[in-house]
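Each remark here refers to the structure printed beneath this line.
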Amino acid sequence: MSKDITSREADYSQWYIDIVRKAGLADYSAVKGCMVIKPYGFGIWEHMRDQLDKMFKQTGHVNAYFPLLIPKSFLSKEAAHVEGFAKECAVVTHYRLKNAPDGSGVIVDPEAKLEEELIIRPTSETIIWDSYRDWIQSYRDLPVLINQWANVLRWEMRTRLFLRTAEFLWQEGHTAHETREEAIAEAERMLDVYARFAEEWMALPVVRGVKTANERFAGAEETYCIEALMQDGWALQAGTSHFLGQNFAKAFDVQFSTRNNSREYVWATSWGVSTRLMGALIMAHSDDEGLVVPPRIAPTQVVIIPVPKSLPALQETIDTIASDLQSLGIRVKVDSNDQDRPGFKFAEYEKIGIPIRLAIGARDLEAGTIEVARRDTREKQSVPLAGLSTHIQALLEEIQQNLYNRALQFRTEHTTRVDTWEQFVDVLENKGGFISAHWDGTPETEQQIKEETKATIRCIPLDAPTEAGQCVRTGKPSTKRVLFARAY
RNA sequence: CGGGGUGUAGCGCAGCCCGGUUAGCGCGUCUGUUUUGGGAACAGAAGGUCGCAGGUUCGAAUCCUGCCACCCCGACCA
C-alpha cells in the first residue's frame with residue numbers, strides 16, 4: 001500500500017486527486033478552476049498530442065491558429081450555439097489598467113472600455129467560420145481540413161483536475177465540405193481516428209456511438225462520440241466529432257460556387273479531444289500504488305536503478321544497457337542519484353507509473369542478470385543481461401496489450417443488458433458500469449430517467465444491432481439498445 | 001445561487017470554548033556523520049503579516065463586527 005495515496009476503495013475521488021498531485025501531473029493554481037500542468041503531466045500530454053497530430057496529418061489535415069478572443073456578437077449568430085455556451089463565457093470589457101488614486105494597487109481604467117466586448121473562446125467555430133467565408137469561394141477551395149491546438153475557457157461551477165477545469169488544452173478540428181455526405185464521412189473518419197488513438201495508444205477501449213439530441217453539441221446536427229468506462233463504473237466521454245450541417249455556413253454566410261455553377265452553403269464538421277484524456281488515462285489504468293502509464297505514451301518507458309554501493313562496478317554495464325535500449329527507440333532514464341535509497345526509488349517510480357523498472361546490483365552483475373519489474377502487474381523477475389534489450393522491447397508491447405485487455409475485460413464485465421426497470425435501478429445502484437437497454441427514443445423519457453437515477457444515455461453505439469424491444473422505462477416500442485451510465 | 005465547512009511554517013494539523021511566557025507538533029527542507037537489494041538513523045539548523053480590515057481590552061491566533069478566499073454537497077458541463 002502506498003504511503004501517501006488514498007485507496008480506491010476508501011475514497012475513489014480522493015484517490016484520483018492523490019494520483020494527480022502525488023504523481024506530479026498537476027497542481028491547483030491561484031486562479032479558481034484553473035490548474036497548473038506540471039512537467040511530468042505535460043510530458044504525457046505531449047506524447048498524446050504528438051501522436052494525435054501525426055494521425056491528423058496522415059488524414060490530410062493541417063494546423064493553423066485562430067484568436068483567443070472572439071467578438072461577442074459572433075457567438076449569437078448561431079442560435080443553438082449561443083444557447084449552449086453563453087452561460088459559461090468569460091468576457092473582456094476593458095483594455096487597460098491604471099494605478100488606483102488611493103495607492104491601493106491597480107484598477108480597471110473606466111476610460112478604456114471596449115466598444116465591442118470580447119469573449120474568451122469556449123470553442124472556436126464562430127471565429128473560424130468568419131474566416132472561412134473569405135477563404136471559400138468555389139468547390140475548388142474545398143475541402144478545408146484545418147486543426148488547431150489551443151486553450152479554451154469555460155466558466156465551470158465545479159471543477160476537477162483534468163476532468164473539468166475552467167481552462168483546458170485541446171485540439172479542435174474544423175472542416176468544410178462540398179456535400180453533406182462528405183462532411184458526415186469526415187466526422188465519422190475523425191471519430192475513428194480518436195477511437196484508434198484511445199485503443200492503440202492509451203490502451204483505453206471505447207464505444208463508438210452517436211449522442212442523443214439532449215447530449216448533442218450546441219450547433220450540431222449529429223454528435224459522434226467515444227465513451228470509455230472508468231474503474232468506478234462511471235462513464236467518461238473521451239472525444240467528440242460533430243456533423244454541423246450547414247448551420248455555421250448559414251450563420252456566417254459561407255457559400256461556394258458548385259460544380260454546376262449554383263451557389264450553395266458549405267457543409268461542416270468539428271471535432272475535439274482535450275486534456276480530459278489525462279483523466280481518462282488515470283482512471284482507466286492506475287491502482288492504489290499510483291499512476292500507471294501505457295508504454296506508448298509514457299515519457300519514460302524504462303528506469304534503471306543501480307544499487308549505489310556497487311555503482312562504480314556497475315557503471316559500464318548500465319551505460320551499455322541504456323544505450324542498447326535507446327538504440328531501439330526506447331525512452332530510458334538512469335537514476336544513479338545516491339541521495340535516495342533504492343527502496344525509496346522503487347516506490348517513487350511506481351507512484352509515477354514508469355512501465356518497467358530495472359534494478360541492478362553486485363549480485364546481478366556476478367550472475368549476469370538484472371531485475372525486471374513491470375508496473376502493470378507489479379511482478380519482478382530476474383532476467384539474463386544477454387538479449388535484455390529485445391526482451392524489454394517485447395515486454396513494453398506486452399504491457400501495452402495487457403493494460404488494454406484488462407480495461408476491456410473490466411468494461412465487458414461491467415456492461416449489463418437490462419430489460420426491466422427494477423433491474424435497471426438495481427444494476428445502476430449496485431454494480432455500475434454501462435447498462436444496455438431499450439429506450440423509446442424521446443428526450444422526455446431520457447430526461448425522466450436522468451432525474452430519477454442520475455444516469456444518462458452515453459450513446460447509441462454505432463454497432464448496435466436493430467432488434468425489437470420495449471423501452472425500459474415506458475414500455476413503448478424500441479428498435480435499438482442504447483448505453484446508459486452515470487457519467488463524469 | 002442555496003446548504004455545510006475550513007483559513008495558524010512548503011504540506012498536514014493542534015492551540016481558540018475559558019484572552020496572559022519566546023505560538024507548538026508531524027512530514028518536508030538545509031548541514032554533518034553513518035547508511036544504501038522495497039519508502040534509512042542520529043545530531044543540529046532554518047522557516048510564521050496566526051486569511052484581511054476594524055473593534056473590545058493593560059494585553060487578541062483566542063472575544064465581537066464586516067469582508068475575502070478556498071473546499072465539500074446540490075442545479076449546468078468536454
Side-chain angles (χ1 to χ4, degrees), chain A residues 1-6 11 13-14 17-18 21-22 27-34 83-89 104 121-123 150-172 194 211 214-218 220 223-228 235-242 270-280 289-290 305-311 314 335-351 357-367 369-371 373 378 380 382 450-451 454 456 458 487-488:
Chain A
M1 183 68 74
S2 175
K3 235 165 72 172
D4 41 22
I5 295 174
T6 308
D11 183 345
S13 303
Q14 191 57 47
I17 294 165
D18 285 350
R21 308 285 311 271
K22 304 292 170 57
D27 264 345
Y28 293 109
S29 76
V31 183
K32 181 178 163 62
C34 295
E83 169 80 13
F85 286 108
K87 289 190 294 261
E88 47 194 30
C89 285
S104 61
R121 62 182 165 215
T123 179
N151 57 340
V152 289
L153 190 75
R154 298 179 186 175
W155 209 269
E156 298 289 350
M157 296 296 172
R158 295 189 55 200
T159 59
R160 295 189 72 186
L161 292 167
F162 288 117
L163 295 174
R164 182 170 304 112
T165 47
E167 182 189 16
F168 56 91
L169 305 184
W170 77 344
Q171 56 70 217
E172 43 181 328
Y194 288 156
K211 287 293 189 188
N214 281 349
E215 301 275 327
R216 201 173 282 153
F217 175 75
T223 289
Y224 300 84
C225 63
I226 53 172
E227 292 284 329
L236 182 81
Q237 177 176 306
T240 50
S241 176
H242 316 287
S270 68
W271 27 273
V273 295
S274 71
T275 38
R276 182 179 233 206
L277 287 177
M278 294 287 294
E289 306 303 320
I305 301 173
V307 176
K309 68 179 173 194
S310 40
L311 185 58
L314 293 169
D335 187 349
S336 330
N337 174 353
D338 65 356
Q339 303 302 310
D340 297 322
R341 299 156 68 95
F344 178 82
K345 292 180 185 176
F346 294 171
E348 281 301 300
Y349 289 111
E350 274 170 18
K351 191 163 71 183
R357 177 185 75 235
L358 303 178
I360 186 164
R363 289 202 310 250
D364 294 290
L365 202 58
E366 206 163 307
T369 61
I370 192 165
E371 183 186 273
R378 302 191 69 232
K380 288 193 288 197
S382 194
K450 182 179 176 180
E451 280 163 18
K454 292 189 168 65
T456 51
R458 299 322 303 152
Y488 280 98

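Here is the naming used below: chain letters follow the sequence lines, and residue numbers restart at 1 for every chain.
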Legend entry - A:Ala362 or A:Lys454, whichever maps to the more 5' nucleotide of RNA chain B: A:Ala362
Inset, instruction - Determine the minimum heavy-atom distance between A:Pro308 and A:Asp338, stating which atoms define it. - result: CB-CB, 4.1 Å
Inset, instruction - Give A:Arg160 one of three labels, base, sugar-phosphate or nothing, depending on what nucleic acid heavy atoms sit under 4.0 Å from its own. - result: nothing
Legend entry - Whole-Å distance separating the CD atom of A:Glu348 from the C1' atom of B:G28: 13 Å
Inset, instruction - Starting from C1' on B:U34, measure out to NZ on A:Lys309 and report it in whole angstrom. - result: 14 Å
Legend entry - Minimum-distance nucleotide to A:Lys87 side chain [options: B:C76, B:G39, B:G37]: B:C76
Inset, instruction - May I ask you to test the A:Arg363-A:Ser310 pair for a side-chain heavy-atom distance under 4.5 Å? - result: no
Legend entry - d(NZ, A:Lys211; P, B:A78) in whole Å: 8 Å
Inset, instruction - Give one of base, sugar-phosphate or nothing for A:Leu163, where a contact means two heavy atoms less than 4.0 Å apart. - result: base
Legend entry - Whole-Å C1' distance, B:G37 and B:G32: 27 Å
Legend entry - Any donor-acceptor N/O pair, A:Arg276 side chain to A:Phe168 backbone, under 3.5 Å: no
Inset, instruction - Using a 4.0 Å heavy-atom cut-off across all strands, classify A:Phe217 as base, sugar-phosphate, or nothing. - result: nothing
Inset, instruction - Could you please name the partner base of B:G74, counting Watson-Crick and G-U wobble pairs only when both distances are under 3.5 Å? - result: B:C1
Below 3.5 Å is the cut-off: list the nitrogen or oxygen pairs between protein and nucleotides 69-71 of chain B, distance only.
residue	atom	partner	partner atom	Å
B:C71	OP2	A:Lys32	NZ	3.3

Legend entry - Separation between the P atoms of B:G2 and B:C67, rounded to whole Å: 13 Å
Legend entry - salt bridge (Lys or Arg N to Asp or Glu O under 4.0 Å) against A:Arg21, all qualifying residues, sequence neighbours excluded: A:Asp27
Legend entry - Side-chain N,O (A:Arg341) to OP1/OP2 (B:G37) below 4.0 Å: yes
Inset, instruction - For A:Thr223, report the nucleic acid contact type (base, sugar-phosphate, nothing); a contact means any heavy atom under 4.0 Å. - result: nothing
Legend entry - Length of the CZ-C1' vector between A:Arg154 and B:C76, whole Å: 13 Å
Legend entry - Under 3.5 Å: donor-acceptor pair, side chain of A:Tyr194, backbone of A:Gly272: yes
Inset, instruction - Provide the distance between the two C1' atoms, one in B:C64 and one in B:A60, to the nearest whole Å. - result: 11 Å
Inset, instruction - Identify the heavy atoms of A:Thr159 and A:Ala166 that sit nearest to each other, and give their distance. - result: CG2-N, 4.1 Å
Inset, instruction - Look at the side chain of A:Glu350 and the base of B:G38, then say whether one donor and one acceptor between them are separated by less than 3.5 Å. - result: yes
Legend entry - Pairing partner of B:C42 (Watson-Crick or G-U wobble, both distances under 3.5 Å): B:G32
Inset, instruction - Please report, rounded to the nearest Å, how far the C1' atom of B:C76 is from the CD atom of A:Glu215. - result: 12 Å
Inset, instruction - Write down the partner of B:A60 under the Watson-Crick or G-U wobble criteria, each distance required to be under 3.5 Å. - result: none
Inset, instruction - Could you give the distance separating B:G19 and B:A61 at their C1' atoms, to the nearest angstrom? - result: 10 Å
Legend entry - Watson-Crick or G-U wobble partner of B:A23, both distances under 3.5 Å: none
Inset, instruction - Just say parallel, tilted or perpendicular for the rings of A:Phe217 and A:His242, cut-offs at 30° and 60°. - result: parallel
Legend entry - Minimum-distance pair of heavy atoms, taken over all atoms of A:Leu314 and A:Ile360: CD1-O, 3.4 Å
Inset, instruction - Could you please name the option among B:A78, B:G39, B:G37 that lies closest to any side-chain atom of A:Arg276? - result: B:A78
Inset, instruction - Let me know the distance between CZ of A:Arg21 and C1' of B:G28, rounded to the nearest Å. - result: 15 Å
Inset, instruction - Using the P atoms only, state how far B:C58 lies from B:G12, rounded to an integer number of Å. - result: 38 Å
Inset, instruction - For B:C68 versus B:G51, give the span between their C1' atoms, rounded off to a whole number of Å. - result: 8 Å
Inset, instruction - Give the nucleotide from the list B:G39, B:A78, B:G37 with an atom nearest to the side chain of A:Arg363. - result: B:G37
Inset, instruction - To the nearest Å, give me how far apart CG (A:Asp335) and P (B:U36) are. - result: 18 Å
Legend entry - Pairwise P distance for B:G66 and B:G74, with rounding to whole Å: 30 Å
Legend entry - Between P of B:C11 and CG of A:Asp18, the distance in whole Å: 16 Å
Legend entry - Ring-face cation contact, A:Phe346 with A:Arg357, 6.0 Å cut, 45° max: yes
Inset, instruction - From the options B:A78, B:G38, B:U36, select the nucleotide whose nearest atom is closest to the side chain of A:Phe168. - result: B:A78
Inset, instruction - Establish whether the base of B:G39 is bridged to the side chain of A:Asp340 by a donor-acceptor pair shorter than 3.5 Å. - result: no
Inset, instruction - Record whether the side chain of A:Lys380 comes under 3.5 Å of the base of B:G38 through a donor-acceptor pair of N or O atoms. - result: yes
Legend entry - Pairing partner (Watson-Crick or G-U wobble, both distances under 3.5 angstrom) of B:U65: B:A53
Inset, instruction - Before giving the answer on side chain to side chain donor-acceptor pair (under 3.5 Å), spell out for A:Arg458 and A:Thr456 the whole-Å C-alpha distance, their side-chain angles and the decisive distance to 0.1 Å. - result: CA-CA 6 Å; A:Arg458 299 322 303 152; A:Thr456 51; 2.7 Å; yes
Legend entry - Separation between the C1' atoms of B:G7 and B:C16, rounded to whole Å: 13 Å
